[in-house]
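A short worksheet on the structure shown next.
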Amino acid sequence: MHPRLFFLSAFSFYLLSTCSYITRAQKSSIATTGVVMSNGIVQVTLQNPEGHITRIQYKGIDNLLEVQKNESNRGYWDVVWSPPGSTRTEGTLESVTGTICKVIKETQDQVEVSFSRTWNFPLKGKSVPLKIDKRYIMLRGSSGFYTYAIFEHVKGWPSFDLQATRVAFKLRRDKFHYMAMSDDDRQRDMPLPEDRLPERSKTLDYPEAVLLVDPVDPKFKGQVDDKYQYTCELKDLRVHGWICKDPAVGFWQITPSNEFRVGGPIKQELTSHVGPTTLSIFSSAHYGGNDMVIKFKENESWKKVLGPIFIYLNTIPNGKNPYTLWNDAKHQMSIEVNRWPYDFPASPDFQSARQRGEVNGRLLVQDSLINSPANGAYIGLAPPGDVGSWQRETKQYQFWTKANKEGYFTIKNIIAGEYNLYAWVPGFIGDFKNSKIINITPGIKINMGELVYHPPRYGPTLWAIGFPDRTAAEFHIPDPQPKYANNFLLQGPNRFRQYGLWNKYSELYPHQDLVYTIGESNYRKDFFFAHVLREADDGTYKRTTWTIKFRLDHLNESGTYVLRLALASAHQSNLMVRINDLNNDPLFSTGFIGGDNAIARHGIHGLYWLFSIKIPGSHLSSHGTNSIYLTQASNKTRFQGVMYDYIRLEGPRSSTVNKIS
Ligand SMILES: *[C@@H]1O[C@H](CO)[C@@H](O)[C@H](O)[C@H]1NC(C)=O
Ligand SMILES: *[C@@H]1O[C@H](CO)[C@@H](O)[C@H](O)[C@H]1NC(C)=O
Ligand SMILES: *[C@@H]1O[C@H](CO)[C@@H](O)[C@H](O)[C@H]1NC(C)=O
Ligand SMILES: *[C@@H]1O[C@H](CO)[C@@H](O)[C@H](O)[C@H]1NC(C)=O
């Protein structure tokens, strides 16, 4: 049993200013001090009617938020948006500023306040065409508060692109120095924001990454600071935040469900970083590129509830180890997860447990003749679409789970609506989709029975490089250049997040590109994790061609061979495949693909791509060695390149293998 940290003796909610229906126009004539929610444990002050959080009082600390920042820049919702037709990921940052404040609920157990804004035509091009209703909830006896928002685009409103939606908290930099986001290597004392200033740091290959040259605390000297070293896949992004050691206070952002985030379970987002900043990102183009920008058509009706998320505050008595606050935050996270879907949000747009449904079943994989349970498969419900469409799906809700060893799965608490069931299985290439449209209605339980995934398979595997799991993690991840090494990342599971690994390729392969020989090479050691460009002495970036060498003892000249190229990431790349002759036209090119920027952002993957390339037996040779040449031909900028997930050559189909795709 984990002890509760707080016991409530007295309880009272009060709203310092009655905020009902105060509009911006009225505001000038009414002195407003803000809205205060308090339950005797935590006291939160909100600007009226903007709805920005200006103050969080807790454990005798007058404000956990950065008092030196403008009141509208301490705890707030914001969006990044642009006119329609964006091809990149940039837009205008707009703070979500309420114009009307309303008390939605005020009882002995709960207070819920709304700060909403809408849009009208004179604002065209100047403000994001969305109706946004921000909500804040405080419960009796709860050490924290909840926030969620209802976003809506209505008929009659213009088209636009939405690059990001988030909630941000800027904490007191004189108090919060220790950041935690995982049990492994990523929890530690952090540099100060001023350490990133030009006089104390050197900007590296892009502005987010700096080398700390003269940090206030010399122990950080020589480290790289880059917020992308702290990103996380959504499936693991449940709790992160900061610890103040004196007095011992933790500030945590807990996300009890991923249903309202976009892109599926392995989409990566930012968490916390130097500031001290804590973010909750609901959608962004990070590790996905323009495909993840939400594009709204003129007149498109759309409504989505983002959140609630929980801001959890904790403490322990003086003299106790403040780092244990992380363990308590994880414990609270599991409480919040088990409480999902919450029964207290007052908006009818948030579906309660009884309005939701459930799907269960079992997934098997049949690869050529082998039939096995889809052990550890990722199984999800997402809006109806093509095979694999969920990873670029940005507008609706998704519900994911992992199958057990036997392939059984249950997905609970699915919001009413229409879906397809999708899956992918570590160890197998490709994507599963069940063609049936699943209609979730309140209280329904649908048993899908046994589903069978037939992954792409033409003929027997002649050889393979890597393990198909949508990441490049199993390949050779070099040690960083010593001048950029962050010790805390050196040994652990996040070694691939070291800064500057892309430059190591030119160091390891100064003149000749990578050659991988089947039967001799070992992909853990001899296959560089990212197919990047080579930096030349004149500062240009040269195309690189990797060679896979292999022998074929029994060539079938009239048969067809199939090369499976599974990519874990692509950034503005064109990958070309040639067989045995580098001067020939490519047998295959991917065309210009990708914009996930995963190489620069230290992701071990971005979006997943699978290419299947037919190689006529007549292109191959049974005398001596065959070579497959992989050329990444786009070389305008530093970070163009791909990461491989898995490469496989299949031989001609024989009569015993009848499953093809
Ligand atoms: C705070 O920010 C708001 C919005 O950007 C601005 O209008 C206001 O002048 C700022 N206040 C101070 C004190 O800087
Ligand atoms: C959007 O709706 C308005 C008003 O109903 C109509 O005039 C306009 O043609 C519609 N635009 C599109 C692209 O359908
Ligand atoms: C691109 O690579 C080619 C071949 O390596 C090289 O000749 C060319 O200069 C490179 N272009 C740029 C802009 O670096
Ligand atoms: C060679 O491939 C062709 C075409 O797939 C097939 O008909 C033939 O049986 C194969 N020959 C051998 C010896 O496997």
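Indexing begins at 1, ligand by ligand and atom by atom, following the structure's order. All values derive from a computational prediction rather than experimental measurement.
Taking every non-hydrogen atom of Lys542 and a distance limit under 4.0 Å, the qualifying atoms of ligand 3 come out as 2 (O), 5 (O), 6 (C), 9 (O). The atoms of ligand 3 that sit less than 4.0 Å from any heavy atom of Tyr541 are 1 (C), 2 (O), 10 (C), 12 (C), 14 (O).
Judged by the shortest distance from any of its heavy atoms, Lys636 lies outside the 4.0 Å radius around the atoms of ligand 3.
Salt bridge Lys295/Glu300: absent, no basic N to carboxylate O contact under 4.0 Å. The pair Asp133-Arg135 meets the salt-bridge criterion, since a charged nitrogen lies less than 4.0 angstrom from a carboxylate oxygen.
For atom 9 (O) of ligand 2, the nearest non-hydrogen atom of the protein is Glu298 OE2, 4.5 Å. In this structure, atom 1 (C) of ligand 3 lies nearest to the protein heavy atom Asn635 ND2, 1.4 Å. Protein heavy atom nearest atom 6 (C) of ligand 2, with residue, atom name and distance: Asn299 ND2, 4.2 Å. Looking only at protein heavy atoms, the nearest one to atom 5 (O) of ligand 2 is Lys155 NZ, 3.8 Å. Ranking protein heavy atoms by distance to atom 4 (C) of ligand 4, first place goes to Ser558 O, 3.8 Å.
Aromatic ring orientation, Tyr228 versus Tyr206: perpendicular (interplanar angle above 60°, classes split at 30° and 60°).
Partner of Trp546 under the ring-ring contact (aromatic ring centres under 6.0 Å, His included) criterion, out of Tyr516, Tyr644, Phe475: Tyr644 alone.
Some N or O of Asn556 is nearer than 3.5 Å to an N or O of ligand 4, by distance alone.
Taking the six-membered ring for Trp and the full ring otherwise, the centers of Phe282 and Phe151 sit at least 6.0 Å from each other.
Shortest non-hydrogen contact noted between His571 and Asp596 is ND1-N, 3.5 Å. In this structure, Met643 and His605 approach most closely via the heavy-atom pair SD-N, 4.3 Å.
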